[in-house]
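See below for the structure under consideration.
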Amino acid sequence: MSTNSQDRVEMFRTMVRIREFEERVKRTFAEHPGVIRGHTHLADGAEASIVGSIAAIRPGDQVMATYRCHGYPIALGTDTTAMMAEIYGRSNGLCGGYGGSMHLADPERGFLGTSGIVGQSIPQATGAAYAAQVRRAGDVVLCFFGDGASKQGAFHESLNIASLWKLPVVFVMENNSYSVSVRVEQEDANAAAGEPLATKAKAYSMPGVTIDGGDPDVVYETVAEAVSRARAGEGPTLVESLVYRLSAHGNSIAPPGVPLHYPEHEAVTVFGDVAEYEAAKRGDPVPRFRGALVTGGVLDAARADAIVAEAADEMQRAVDGALAGPEPEPADALRFVHA
């Protein structure tokens, strides 16, 4: 994919769709209490990083992500009603209602799946890249994970073997500055020393670069270069994409059915840093990219408004379709159970 004017408009459209999907998930806790069971983790604030990265790959390539996973399949073309139904635990969901928010998968579109385990995407994506290398089809794997996951042992093992074997994988670390309610400089030696986390790439003899993850054009250009390098057999790259999640770490509903909804970001509730959070909202990548397109003459304001309205309509249909979906039959709990 190039980044001509139409491509950039489509990137904006996908960013808006992801944001609206996340907002509808968040609103479900208040508008339809009890519908979402288990945990949900939103990626509002990371839309530019998601969309810019996925714009750099082609059909046949594969993607693995974290449990903060709703945006990636949307960018890959997954049906949003099926996604919402999965989050609602309905049998018309993407995975039949078995997975919920943290376990989305759409292998037909190259989205290999997610897990609630921190850092799980890293070794699994490395394995998928090894399989791609064996197939010799020229496919590349994009691996997304957060800054906290880079403290897992699997991160270091995976980067070592990926570099040693020159596997076709691009590691995209979406650094949102927080691991739940702990700031990155409190748990990361590089961050504590004032260094970018992409410095970690040096230990494994691969390129490492830190970028503004709020600019989809910059993300696209950087990830496209890394993808090209991987496709040419030159091995992996570590991209540190700086983002800021605008919602609190996560939401859940637990027995006896009391919603545990966290409306305030940890910057406010834990650190009392209202100024940091307000600054992050002013840098929101969705209106920021809209402004860039409108002032650059790529998109007029009326069309931008129409794109937002279309996304709102789509996600209302997703909610309605998910709510109307059938509850799983009790006997379905025994499917895929092997003695």
Side-chain angles (χ1 to χ4, degrees), residues 41 43 46 49-58 60-73 75-76 102-107 109-135 137-176 179 197-198 200-201 203-211 213 219-220 222-231 233-243:
H41 302 81
S49 181
I50 295 168
V51 172
S53 296
I54 289 179
I57 61 174
R58 69 188 188 191
D61 293 336
Q62 296 174 316
V63 174
M64 293 205 71
T66 72
Y67 51 74
R68 201 174 296 278
C69 61
H70 306 155
Y72 308 94
L76 288 166
M102 295 196 294
H103 302 93
L104 300 181
D106 191 356
R109 289 177 175 79
F111 191 63
L112 298 183
T114 61
S115 166
I117 299 172
V118 174
Q120 62 78 30
S121 63
I122 307 172
Q124 291 180 358
T126 302
Y130 179 48
Q133 187 182 70
V134 170
R135 291 196 303 270
D139 299 331
V140 171
V141 178
L142 279 187
C143 174
F144 295 89
F145 54 95
D147 48 286
S150 68
K151 265 61 74 180
Q152 297 280 39
F155 168 85
H156 303 279
E157 296 166 348
S158 299
L159 266 65
N160 179 67
I161 201 69
S163 181
L164 179 65
W165 290 351
K166 296 190 180 302
L167 298 181
V169 56
V170 178
F171 298 105
V172 182
M173 179 199 302
E174 292 180 325
N175 182 355
N176 64 27
S179 294
L197 271 60
K200 301 179 192 300
Y204 305 105
S205 301
M206 69 175 67
V209 58
T210 299
I211 60 171
V219 174
Y220 168 78
T222 304
V223 174
E225 181 178 348
V227 166
S228 178
R229 181 175 181 274
R231 212 180 297 284
E234 297 175 16
T237 300
L238 174 62
V239 178
E240 179 190 11
S241 181
L242 299 177
V243 301

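The residues of the chain are indexed from 1 along the displayed sequence. Worth knowing before you read on, the calculation uses all heavy atoms, side chains too, and leaves out hydrogens, waters and symmetry mates.
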_Heavy-atom count check: over 12 atoms from other residues, nucleotides or ligands less than 6.0 Å from Ile117 CD1?_
no
_If you compare all heavy atoms of Cys143 against all heavy atoms of Val169, which two are closest, and at what distance to 0.1 Å?_
CB-CG2, 4.2 Å
Please tabulate, for the side chains in residues 64-73, all donor-acceptor contacts under 3.5 angstrom to protein atoms that are two or more places apart in sequence or on a different chain.
from  : atom 1 : to     : atom 2 : distance (Å)
Thr66 : OG1    : Arg68  : N      : 2.9
Arg68 : NH1    : Leu42  : O      : 2.7
Arg68 : NH1    : His249 : O      : 3.1
Arg68 : NH2    : His249 : O      : 3.1
Arg68 : NH2    : His249 : ND1    : 3.2
His70 : ND1    : Glu22  : OE1    : 2.6
His70 : NE2    : Ser101 : OG     : 2.8
Tyr72 : OH     : Glu174 : OE1    : 2.5

_Tell me every residue that passes side-chain contact (heavy atoms from CB on, under 4.5 Å) with Ser158, counting only those two or more places apart in sequence or in another chain._
Ile122, Pro123, Thr126
*Any side-chain heavy atom of Ser179 within less than 4.5 Å of one from Lys151?*
no
*asked:* Between Asp106 and Leu76, is there a side-chain heavy-atom distance shorter than 4.5 Å?
replied: no
*Taking atom CG of Leu238 and atom CE of Met206, what is their separation to the nearest 0.5 Å?*
7.0 Å
*Gln120 backbone acceptor or donor facing Ser115 side chain under 3.5 Å*: no
*Which heavy-atom pair separates Ala75 from Ile50 by the least distance, and what is that distance?*
CB-CG2, 4.3 Å
*Backbone N/O of Arg58 and side chain of Asp61: donor-acceptor pair under 3.5 Å*: yes
*Between Gly119 and Ala149, which heavy-atom pair has the shortest distance, and what is it?*
CA-CB, 3.7 Å
*Just by modelled atom types, is the Leu159 backbone N or O under 3.5 Å from a matching donor or acceptor in the Ser163 side chain?*
no
*Give, for atom CE of Met102 and atom OG1 of Thr114, the distance between the pair rounded to the nearest 0.5 Å.*
8.5 Å
_Does Gln152, at its CD atom, have more than 12 non-hydrogen atoms belonging to other residues, nucleotides or ligands within less than 6.0 Å?_
yes
_Backbone N/O of Gly235 and side chain of Arg229: donor-acceptor pair under 3.5 Å_ = yes
*Taking the side chain as C-beta and beyond, is there a heavy-atom pair between Val172 and Ile54 under 4.5 Å?*
no
*Within a strict 4.5 Å, meaning less than it, do heavy atoms of the Leu197 and Thr210 side chains meet?*
no
*For Asp147, all residues meeting side-chain hydrogen bond (donor to acceptor under 3.5 Å, both in side chains), sequence neighbours excluded*: none
*Kindly write out the residues that satisfy ring pair (Phe, Tyr, Trp, His ring centres under 6.0 Å) with Phe145, not counting sequence neighbours, or none if the list is empty.*
Phe155
*Please report the shortest heavy-atom distance between Pro236 and Ala162, naming the atom on each side.*
CD-O, 3.4 Å
*Who pairs with Tyr130 by ring pair (Phe, Tyr, Trp, His ring centres under 6.0 Å), at least two apart in sequence or on another chain?*
Trp165
*Quick one: salt bridge (charged side-chain N to carboxylate O under 4.0 Å, His left out) partners of Lys200, sequence neighbours excluded?*
Asp188
*Can you measure from NE2 (His156) to CD1 (Ile161) and round to the nearest 0.5 angstrom?*
15.5 Å
*What are the two closest non-hydrogen atoms of Gln133 and Leu167, and how far apart are they?*
OE1-CD2, 3.4 Å
*Determine whether Val227 and Leu142 make a side-chain contact, defined as any pair of heavy atoms from C-beta on separated by less than 4.5 Å.*
yes
